[in-house]
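Scroll down for the structure; my scribbles are underneath it.
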Amino acid sequence: MIELVDLSKRYKQTEAVKKVNLFIERGEIVGLLGPNGAGKSTLISMLASLLEPTSGDVRFQKKSVLRNPQPLRKVIGMVPQDIALYEDLTAEENLHFFGRIYRLKGKELKKKTEEVLEQIGLTEHRKDIVKRFSGGMKRRLNIGVAMLHEPELIIMDEPTVGIDPQSRNYILETVKRLNEEKKMTVLYTSHYMEEVEFLCDRIYILDKGNLIASGTKDEIKDIISLERALSIKADRWENEFVTKLKGNPLISRIHVEEKEITVIVPREVNMFSAIIQIAEETGQELNSVNRKDPTLEDVFLHLTGRALRD
Amino acid sequence: MTGILFAKWKTFLRKPWDFVLFTAMSILFAFIIGGSNDMNTLKIPVYADEISDNLDASLEELEGYHFSWLDDEAKLKELVENGKAELGVILRDKDFEIIVGMDSPNVSMVEYALAGIYEKRMEREKLTLAIEDFPKEEQERLSKEWDSLNDNPVFSVQSSTFRSDDAIVYDSNYHFLFGFTLFFVIYTIGYTVLPVLTEKQAGIWDRMILSPARKWEMYVANLANSFLQGYLQIIVIFLVFRYAFGLDFHGKMMETLLLILPYVFTVVALSMFLVSVVKTVQQFNGVLPIVSLSMAMIGGAYWPLEIVESEILLTLSKGNPLTYGMEIVNGVVMYGYPMEELLFPISILLCMGVVFMGMGIHLMERRHI
């Protein structure tokens, strides 16, 4: 359906996106995963024809979008990272406004508004001023506006940032339902790997403007098939313990959090006894040491040496 | 485009506070400062001693002076000594005395005006003495003839300027009304143009760009909204002063409202330019007062440019839209300029507007927000 070919964007001294190749097939949910500042928003702005790339091409149905963006714009819906709504208008007025912008009129506009309000669960709040909505409700309406003209492709730029878990689940379920029922193609960007794992058929991982991995969830997890992740938990860390772990030649990656350390080690090596021994030598009290099923977070750690949320 | 305008109008109706605030401030400042700072009238305390007839009416007829009558000569001298009055006048039956606190051209002007009144008064007395023995009917006829000659003199002096047939009548009420109206409308317009930046930052414009709406429609709708709100503010202020405070605009309110349109357009364009060079709302909040206050001071909103002597300030005022806005409204209402005279400031404003608008939209489009 849409394809990015060697797409790059440079801002003065910074190369925000570096020769990215990516494709999206009709009807699939594709995840674009990466930490803050990875270049996700820049990439999707170029994909949506809102930003001109420095080099490369965006092709929609095999035709360059750079030369003629209109065919793509007709079928695209955009959910920006910020709340792109008129906060002094009601939910219904916002939908009517954006509906009119899309040349919807009269009964058709009313019908679509009803449908969208139903889909995003805001029918009862249709007459409420958006300014008084909770963060989750605003996010839902932000998505609803993009669905109004029934786009074939919807691009969601971190649509769940800063909202409560309940609203997040609602949004994720809505996206899944849209894809299943309306066959809507979705490009979903996030730095929450669990969202991407839940929603997406295929995933692209972006870091510092580079595409560092792509494939289905399983294919990506297979990247670390020769390795495994271990989770070490404790109430606090002794500096010496952490230093010794970092210096261990068998540990390829390590990520230290307040009460958990994740280490990536070769699959054939039994590190349990080695970790217990280091803990005894350094006086580190441990709560547990467990083997983890590899997650996208572990893959990112493996590939970059950093956690997604660093 | 109508959709955008409709949304803006609804937002305005729901949140009209900026508009109300700036309109109220214009009215308040113009009313207080315009009313209290009667720069054109010289206030003179006057005390009358041993006067057989009443000089009140003759003094009231003098334009440009306001005589306040005191019942104590010492009080008058005290006012002058303390600098509360530039000069004071003591009127006697046969002569008058001017108590001078500060030597200024006003002293000789007052002296000249009073001498004229006393001269007429003496001539009248001479006439009365001369016809004292005439029959009563003859006395009345001569007296009427005397009055008629005074009312319709053989020679009359008519004052006019090079630019207009009417005499220049500077009125601080109008000056402050126009000054504060043109000053505060910059804020109203500025804050209605600002959403071009905030909506771009929030992604609302991205949504519209992806829709069938055209870019020019988005700009025109936003800027038309700013223009209409600014213009509505001016109309409201003028109507308040016309009907609540009785200012008649010398019968030229409609002309003023019509000829102020280029100024409103230029302020919209200037605001667009400012919005295109700032990066955040905070920056805009900082820049707008600096620009508007400088414009007001240099452009003659607070005081007439005629009293400014600094060449630098006068040169700077030539690049200031408010200067030309003031020239238009003052020209129409106070100086009675013909249309040919107003074409110059109108053209300058339109040129400035086109340049600011062009630069503003160009810069806005070049930036990725």
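Below, chains carry the letters A, B, ... as their sequence lines are ordered, and counting in each starts from 1. Everything numeric here is computed off the predicted structure, so don't read it as measured data.
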Atom CZ of Arg10(A) with >12 non-hydrogen neighbours under 6.0 angstrom: yes
Can you measure from CG (Asp82(A)) to CG (Asp206(B)) and round to the nearest 0.5 angstrom? 10.0 Å
Between CG of Leu210(B) and OG of Ser49(A), what distance do you get to the nearest 0.5 Å? 5.5 Å
Can you tell me if Glu52(A) has over 12 outside heavy atoms packed within less than 6.0 Å of its CD? no
Please flag which part of Ser41(A) lies under 4.5 Å from any non-hydrogen atom of chain B: side chain, backbone, both or neither. neither
Nearest 0.5 angstrom please: Glu87(A) CD to Thr198(B) OG1, how far? 10.5 Å
Does Lys111(A), at its NZ atom, have more than 12 non-hydrogen atoms belonging to other residues, nucleotides or ligands within less than 6.0 Å? no
Distance check, rounded to the nearest 0.5 Å: Phe97(A) atom CZ versus Ile204(B) atom CD1? 7.5 Å
Tell me, yes or no, whether the heavy-atom count around Lys110(A) atom NZ, taken from other residues, nucleotides or ligands under 6.0 Å, exceeds 12. no
Interchain contact, Leu85(A) with chain B, by part (heavy-atom threshold 4.5 Å): both
Most heavy-atom pairs under 4.5 angstrom with chain A, which of Gly203(B), Ala202(B), Ala213(B)? Ala202(B)
What part of Arg100(A) gets closer than 4.5 Å to chain B, counting heavy atoms only: side chain, backbone, both or neither? side chain
Under 4.5 Å from any heavy atom of chain B - which part of Leu89(A): both
In plain terms, say whether Asp88(A) and Arg14(B) are close enough for a salt bridge, that is, a side-chain N and a carboxylate O under 4.0 Å apart. no
Testing the basics here: between Ile101(A) and Ser211(B), what is the closest heavy-atom pair and its distance to 0.1 Å? CG2-OG, 2.8 Å
Any chance CD of Gln283(B) has more than 12 other-residue heavy atoms, nucleotides or ligands included, within less than 6.0 Å? yes
Looking at Phe98(A), is its backbone amide N or carbonyl O close enough to the side chain of Arg207(B) to form a donor-acceptor pair, meaning the two atoms are under 3.5 Å apart? no
NE2 of His96(A) to CZ of Phe6(B): how many Å apart, nearest 0.5 Å? 10.0 Å
Checking heavy atoms, do the side chain of Asn142(A), its backbone, both or neither come under 4.5 Å from chain B? both
Count the heavy atoms belonging to other residues, nucleotides or ligands that lie under 6.0 Å from CZ of Arg132(A), then report whether that count exceeds 12. no
Are more than 12 heavy atoms, taken from residues, nucleotides or ligands other than Glu124(A), located less than 6.0 Å from that residue's CD atom? no
Applying a strict 4.5 Å limit to non-hydrogen atoms, the region of Lys105(A) in contact with chain B is neither
